Amino acid sequence: MKFSTFQLQSKTHVGLVETDIVISLEALGNKLGTPFPSTLLEIIDGGPELLASIAAARKELNENQLAAIAVPLAEVTLLAPIPRPRKNIIGIGLNYTEHVAESARTLDTSKELPQQPVIFSKPPTAVTGTNTFIVHNPKLTQQLDWEVELAVVIGKGGKYISKDQALDHVFGYTVINDISARDCRRAGQWIVSKGQDTFAPMGPVLVTKDEIPDPHNLNLWLTVNGVEKQRSNTKFMLFRIADLIEDLSTVFTLEPGDIIATGTPAGVGAGRDPQEWMWHGDVVEATVEGIGTITNTIKELGK
């Protein structure tokens with residue numbers, strides 16, 4: 001299933017996305033007399049049993065019932081699937097070999113491959129959806145950069161999760177553009193660079209893991225103003241998703257709804273010669289195969 005959080009007539013809904021329509025779970029529940037939660041976090045909390053109930057309810061709809069409650073995607077405003085995460089997004093740095101090399105050339109990071117995942121975070125206030133503005137504060141940065149990433153959403157929490165059981169703890173996947181202000185790192189720490197408001201565009205949907213049988217064979221790419229800047233495949237991750245979950249859960253308890261941004265491939269603006277940055281009016285599109293595209297426009301603060 002593909003879940004979305006969307007607005008229609010100023011009301012926020014959670015729904016199922018199918019091709020070019022969205023089905024509000026509230027409307028689905030009302031039609032069949034089975035109430036469903038009103039947020040995606042509550043759905044994640046509900047576990048496999050709730051997912052099975054939603055899937056069964058969807059199968060019960062006949063064509064006339066579906067036509068009565070389905071809304072064209074073009075008529076709704078998609079928000080981030082989880083508009084306000086409970087905790088910081090967990091970011092993974094330097095998780096593709098070629099990105100390690102380009103970062104070493106231009107960002108003073110080590111040229112050696114990491115022996116353990118490089119971990120940072122982005123506050124919940126960094127989250128925004130597709131078709132929104134990424135706010136550029138020129139007083140903070142003159143080096144606004146892009147990073148397309150596959151994001152993992154945890155379904156079942158845990159501590160000291162073993163690698164062979166790690167994927168059992170995944171609810172699904174979405175797309176994140178890990179916006180970065182390259183000149184805002186402080187003493188090697190990244191949160192000022194990574195954590196500014198709107199620096200975590202996410203969406204357009206959250207896809208349950210059953211629809212992505214191999215998350216390590218997904219093409220991902222990014223364009224700026226229609227020009228391709230990044231293209232790779234998740235098979236080139238240094239630390240695979242199971243590795244990340246095992247490592248992270250050793251450090252701290254993972255909980256339902258936690259989001260892990262798994263790193264970006266080569267092609268970021270900082271790694272180009274000459275370097276490239278995003279400016280007011282630029283349009284950046286980040287895509288992961290099987291999930292979709294998030295589109296955002298840079299808006300300079302005050303303009």
Side-chain angles (χ1 to χ4, degrees), residues 1-17 22 24-26 35-47 50-51 54 73 76-92 119-137 147 149-157 169-181 190-208 248 252-262 284 286 288 291-297 299 301:
M1 289 180 283
K2 294 183 178 180
F3 286 100
S4 67
T5 299
F6 66 95
Q7 285 185 331
L8 180 64
Q9 298 176 347
S10 301
K11 183 176 179 180
T12 300
H13 303 261
V14 61
L16 295 174
V17 174
V22 61
S24 163
L25 289 190
E26 180 182 22
F36 292 118
S38 59
T39 72
L40 198 38
L41 284 173
E42 291 175 300
I43 291 169
I44 293 169
D45 289 341
L50 179 56
L51 277 184
I54 293 170
L73 266 177
V76 307
T77 299
L78 289 176
L79 307 178
I82 302 176
R84 177 76 182 204
R86 293 170 176 145
K87 295 157 58 179
N88 282 20
I89 294 169
I90 304 162
I92 305 298
I119 305 169
F120 62 93
S121 75
K122 300 170 85 81
T125 49
V127 172
T128 188
T130 188
N131 298 317
T132 63
F133 291 118
I134 295 166
V135 178
H136 173 212
N137 184 346
E147 294 189 7
E149 307 197 6
L150 172 69
V152 178
V153 178
I154 296 297
K156 181 174 69 172
H169 290 255
V170 173
F171 179 86
Y173 305 94
T174 190
V175 183
I176 279 183
N177 190 349
D178 176 16
I179 302 299
S180 306
W190 296 2
I191 195 165
V192 178
S193 167
K194 302 282 195 173
Q196 296 177 38
D197 289 358
T198 72
F199 274 26
M202 180 168 59
V205 295
L206 174 53
V207 181
T208 52
L248 291 167
F252 43 74
T253 301
L254 291 175
E255 296 179 319
D258 282 353
I259 302 166
I260 305 167
T262 58
V284 56
V288 177
I291 302 173
T293 299
I294 48 176
T295 302
N296 300 91
T297 302
K299 182 177 177 61
L301 189 66

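Just so you know, residue 1 is the first one in the sequence shown, and it goes up from there. Quick caveat, the model's predicted, so the values are computed rather than measured.
The shortest side-chain heavy-atom distance between I43 and F36 does not fall under the 4.5 Å cut-off. Side chains of I89 and V127 form a contact here, defined as non-hydrogen atoms less than 4.5 Å apart. The shortest side-chain heavy-atom distance between T132 and P201 does not fall under the 4.5 Å cut-off. Using a 4.5 Å cut-off on side-chain heavy atoms (C-beta onward), T12 and T5 make contact.
Residues P204 and I294 come closest through the heavy atom pair N-CG2, 3.5 Å. The shortest non-hydrogen separation linking L78 to S4 is CD2-CB, 3.8 Å. For the pair E42 and L50, the tightest heavy-atom approach, listed with the atom from each and the gap, is O-CD2, 4.0 Å. The heavy-atom pair separating G155 from I44 by the smallest distance is CA-CG2, 3.9 Å. K122 approaches A200 most closely through the heavy-atom pair CE-CB, 3.6 Å. Considering every non-hydrogen atom in both G203 and P81, the closest pair reads CA-CD, 3.6 Å.
Listed by chain and number, the residues in a salt bridge (charged side-chain N to carboxylate O under 4.0 Å, His left out) with D45 are R86 (sequence neighbours excluded). Looking at residues two or more places apart in sequence or on another chain, you find a side chain to side chain donor-acceptor pair (under 3.5 Å) between S121 and N88. F120 meets the ring-ring contact (aromatic ring centres under 6.0 Å, His included) test with W190; sequence neighbours excluded. Partners of H13 according to the side chain to side chain contact (heavy atoms under 4.5 Å, CB included) rule, which considers only residues two or more places apart in sequence or in another chain, are F6, L8, K11, S24, E26. Judged as a side chain to side chain contact (heavy atoms under 4.5 Å, CB included), and not counting sequence neighbours, the contacts of T208 are M1, F3, L51, F171, D210, E211. For K87, the salt bridge (charged side-chain N to carboxylate O under 4.0 Å, His left out) criterion is met by E255, D258, not counting sequence neighbours. Judged as a side chain to side chain donor-acceptor pair (under 3.5 Å), and not counting sequence neighbours, the contacts of K194 are E147, D178, S180. Residues satisfying the side chain to side chain contact (heavy atoms under 4.5 Å, CB included) criterion with T295, sequence neighbours excluded, are T130, N131, V283, E285, T293. Partners of T253 according to the side chain to side chain donor-acceptor pair (under 3.5 Å) rule, which considers only residues two or more places apart in sequence or in another chain, do not exist here. Checked against side chain to side chain contact (heavy atoms under 4.5 Å, CB included), V135 has the following partners two or more places apart in sequence or in another chain: T198, L301. Remark: N177 engages no residue in a side chain to side chain donor-acceptor pair (under 3.5 Å) (not counting sequence neighbours).
For the atom pair OG1 (T174) and CD1 (I291), the distance works out to 6.0 Å, reported to the nearest 0.5 Å. Summarising the geometry, atom CD1 belonging to I259 is positioned 8.5 Å from atom CG belonging to L206; distances are rounded to the nearest 0.5 Å. Here CD1 of I179 is found 11.5 Å from NE2 of H136. Values are rounded to the nearest 0.5 Å. Here the CG-OG1 distance, from D197 to T128, works out to 10.0 Å after rounding to the nearest 0.5 Å. Annotation: the span from I191 atom CD1 to Q196 atom CD amounts to 11.0 Å, rounded to 0.5 Å. In this structure, CD1 on I154 lies 4.0 Å from CD1 on I260, to the nearest 0.5 angstrom.
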Show, in sequence, the C-alpha distance, side-chain angles and deciding distance for I119 and I92, and conclude whether the side chain to side chain contact (heavy atoms under 4.5 Å, CB included) test is met. CA-CA 5 Å; I119 305 169; I92 305 298; 4.3 Å; yes
Verdict with reasoning, L79 to Q7, per side chain to side chain contact (heavy atoms under 4.5 Å, CB included): CA-CA 7 Å; L79 307 178; Q7 285 185 331; 3.8 Å; yes
Could you walk me through whether V22 and L73 satisfy the side chain to side chain contact (heavy atoms under 4.5 Å, CB included) test, starting with their C-alpha distance in whole Å, then the side-chain angles of each, then the deciding distance to 0.1 Å, before giving a yes or no? CA-CA 6 Å; V22 61; L73 266 177; 4.1 Å; yes
